[in-house]
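See below for the structure under consideration.
In what follows, every chain begins at residue 1, and chains take the letters A, B, ... in the order their sequences are listed.
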2 protein chains.
Amino acid sequence: MPKGDALGGFEQLVLLALAHLGDNAYGVTIRQEIAARTGRDVNIGAVYATLDRLEAKSLTRSRTGEPTALRGGRAKRYFELTAEGARALEESVRAIESMIRGLNWGELG
Amino acid sequence: MPKGDALGGFEQLVLLALAHLGDNAYGVTIRQEIAARTGRDVNIGAVYATLDRLEAKSLTRSRTGEPTALRGGRAKRYFELTAEGARALEESVRAIESMIRGLNWGELG
DNA sequence: TTCAGTTGGTATACGATGTATATGAAATGC
DNA sequence: GCATTTCATATACATCGTATACCAACTGAA
């Protein structure tokens with residue numbers, strides 16, 4: 001990995017949410033996924049801003065879906081990982097895991 | 001966790017390095033620990049800047065050690081986690097682990 | 001048939017975080 | 001003493017994270 005393109009913490013979170021959601025990833029579900037797994041109640045604007053930045057870096061791509069026959073069911077913007085995004089995510093997960101490995105929680109603080 | 005005090009990605013990395021290094025954590029070794037585990041060649045200035053911010057948030061504390069009898073062996077500034085820092089780190093590791101759990105790498109990209 | 005109510009997205013601004021560059025200070029060894 | 005080595009600090013700027021506010025599209029019922 002060339003230096004300088006490490007993922008930010010929130011970018012990593014959003015990419016992980018995409019990975020879990022598969023073909024049902026759009027603003028609202030992404031936010032829910034993060035909240036459900038981490039307990040962190042993120043702002044929806046933060047999610048979209050980050051998705052835009054990820055797309056600008058070619059780590060994600062998006063398409064507009066069809067409206068659904070539900071009250072307020074307007075068309076969604078679906079997001080997915082690109083191959084490059086999947087690679088960056090794997091790399092970044094590997095990095096954090098190797099930092100976590102072997103920690104002795106008992107001796108901290 | 002009260003909203004707003006989530007750790008940044010690099011802050012988390014630095015705290016993890018502290019956790020591994022125990023009583024031998026100072027600028028140079030912290031940098032080495034991160035590089036050795038992640039392959040990421042971080043800038044020393046970035047490390048100190050982050051340590052200062054962590055200390056401002058009471059997640060770490062520091063003290064100045066004794067000079068050593070080595071060429072260039074000037075006094076080091078040692079860093080360690082506070083109890084609060086250890087808690088924040090555990091919390092943040094738990095969050096990322098629950099985001100990683102159950103991922104199916106094969107279906108990405 | 002229009003408008004309240006609901007879902008979902010966009011714009012933008014700003015503070016926090018991440019990073020590079022440059023400089024400073026204290027020690028040793030010759 | 002002065003070059004050399006280790007370690008720390010200062011500063012400036014780019015990127016990321018977050019809040020606030022607003023806009024758009026659709027349904028259902030008056």
Side-chain angles (χ1 to χ4, degrees), chain A residues 2-15 17 21 24-35 38 40-57 59-60 62-79 88 92 95, chain B residues 1-15 17 21 24-32 34-35 38 40-57 59-60 62-79 88 92 95:
Chain A
K3 60 183 167 185
D5 56 1
L7 295 173
F10 194 61
E11 292 181 320
Q12 191 181 29
L13 236 51
V14 169
L15 290 181
L21 289 164
N24 191 35
Y26 61 98
V28 172
T29 54
I30 292 169
R31 179 195 198 188
Q32 286 172 346
E33 184 75 14
I34 295 174
T38 69
R40 190 169 154 189
D41 197 4
V42 301
N43 189 282
I44 186 65
V47 172
Y48 288 114
T50 299
L51 284 165
D52 284 345
R53 287 167 187 155
L54 288 170
E55 191 153 356
K57 291 193 276 188
L59 300 182
T60 64
S62 67
R63 67 193 166 77
T64 300
E66 294 298 307
T68 57
L70 290 173
R71 185 183 181 88
R74 68 171 288 197
K76 300 167 181 59
R77 187 172 159 211
Y78 290 101
F79 297 88
S92 127
Chain B
M1 211 165 169
K3 59 183 166 186
D5 58 350
L7 294 174
F10 195 61
E11 291 182 322
Q12 192 182 28
L13 235 53
V14 169
L15 290 182
L21 289 164
N24 192 36
Y26 61 98
V28 172
T29 55
I30 291 169
R31 178 195 198 188
Q32 286 172 347
I34 294 174
T38 69
R40 190 167 155 191
D41 198 3
V42 301
N43 190 283
I44 187 65
V47 173
Y48 287 115
T50 299
L51 285 165
D52 283 346
R53 286 166 186 156
L54 288 170
E55 192 153 353
K57 291 194 275 187
L59 300 182
T60 63
S62 66
R63 66 191 166 77
T64 301
E66 295 297 307
T68 57
L70 291 172
R71 183 186 183 90
R74 67 171 287 196
K76 300 166 181 61
R77 186 172 158 211
Y78 289 102
F79 297 86
S92 126

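Nearest to the side-chain atoms of B:Asn43 among the listed nucleotides C:dA20, D:dG17, C:dG8 stands C:dA20. Residue B:Arg71 has its side chain nearest to D:dA3 when only D:dA3, D:dC7, D:dT18 are considered. Side-chain atoms of A:Val28 lie closest to C:dG8 of the nucleotides C:dG8, C:dT17, D:dG17. Of all nucleotides listed (C:dT19, C:dT21, C:dA27), C:dT19 comes nearest to the side chain of B:Ala46.
The residue A:Leu70 sits close only to the backbone: its heavy atoms come under 4.0 Å of sugar-phosphate atoms, none of a base. Among the heavy atoms of the strands lying under 4.0 Å from B:Tyr48 is at least one base atom, whether or not backbone atoms are also near. Within 4.0 Å of B:Arg31, counting heavy atoms only, lies no atom of the nucleic acid at all.
Atom CG in B:Asp52 sits roughly 8 Å away from atom P in D:dA10 (whole-Å rounding). To the nearest angstrom, P of D:dA8 lies 14 Å from CD of B:Glu66. Computed from coordinates, the A:Tyr26 OH to C:dT7 P distance equals 10 Å when rounded to whole Å. The separation between A:Leu51 atom CG and D:dG17 atom C1' is 13 Å, rounded to whole Å. The distance from atom CG of A:Leu7 to atom P of D:dC16 is 9 Å, rounded to the nearest whole Å. The distance between atom CG of A:Asp41 and atom C1' of D:dG17, rounded to the nearest whole Å, is 15 Å.
Contact of A:Arg74 with D:dC26 (side chain to base): no donor-acceptor pair of N or O atoms is detected under 3.5 Å. For A:Arg53 against D:dG17, a side-chain-to-base donor-acceptor contact under 3.5 Å is present.
The side chain of B:Arg77 places no N or O atom within less than 4.0 Å of a non-bridging phosphate oxygen (OP1 or OP2) of C:dA26.
In this structure a side-chain-to-backbone donor-acceptor pair under 3.5 Å is present from B:Thr29 to B:Asn24. Judged purely by atom type and a 3.5 angstrom limit, A:Arg31 uses its side chain to pair as donor or acceptor with the backbone of A:Val42. Side chain of A:Glu11 to main chain of A:Gly8: a donor-acceptor pair is present (N/O by atom type, distance under 3.5 Å, no hydrogens or angles).
Heavy-atom nearest nucleotides on DNA chain D were determined for A:Phe10 and for A:Ala69, and the one closer to the 5' end corresponds to A:Phe10.
Look at A:Glu66 and A:Lys76 and you find no salt bridge, because none of the NZ, NE, NH1 or NH2 atoms lies under 4.0 Å from a carboxylate O.
Using cut-offs of 30° and 60° on the angle between ring planes, the pair B:Tyr78 and B:Tyr26 is perpendicular.
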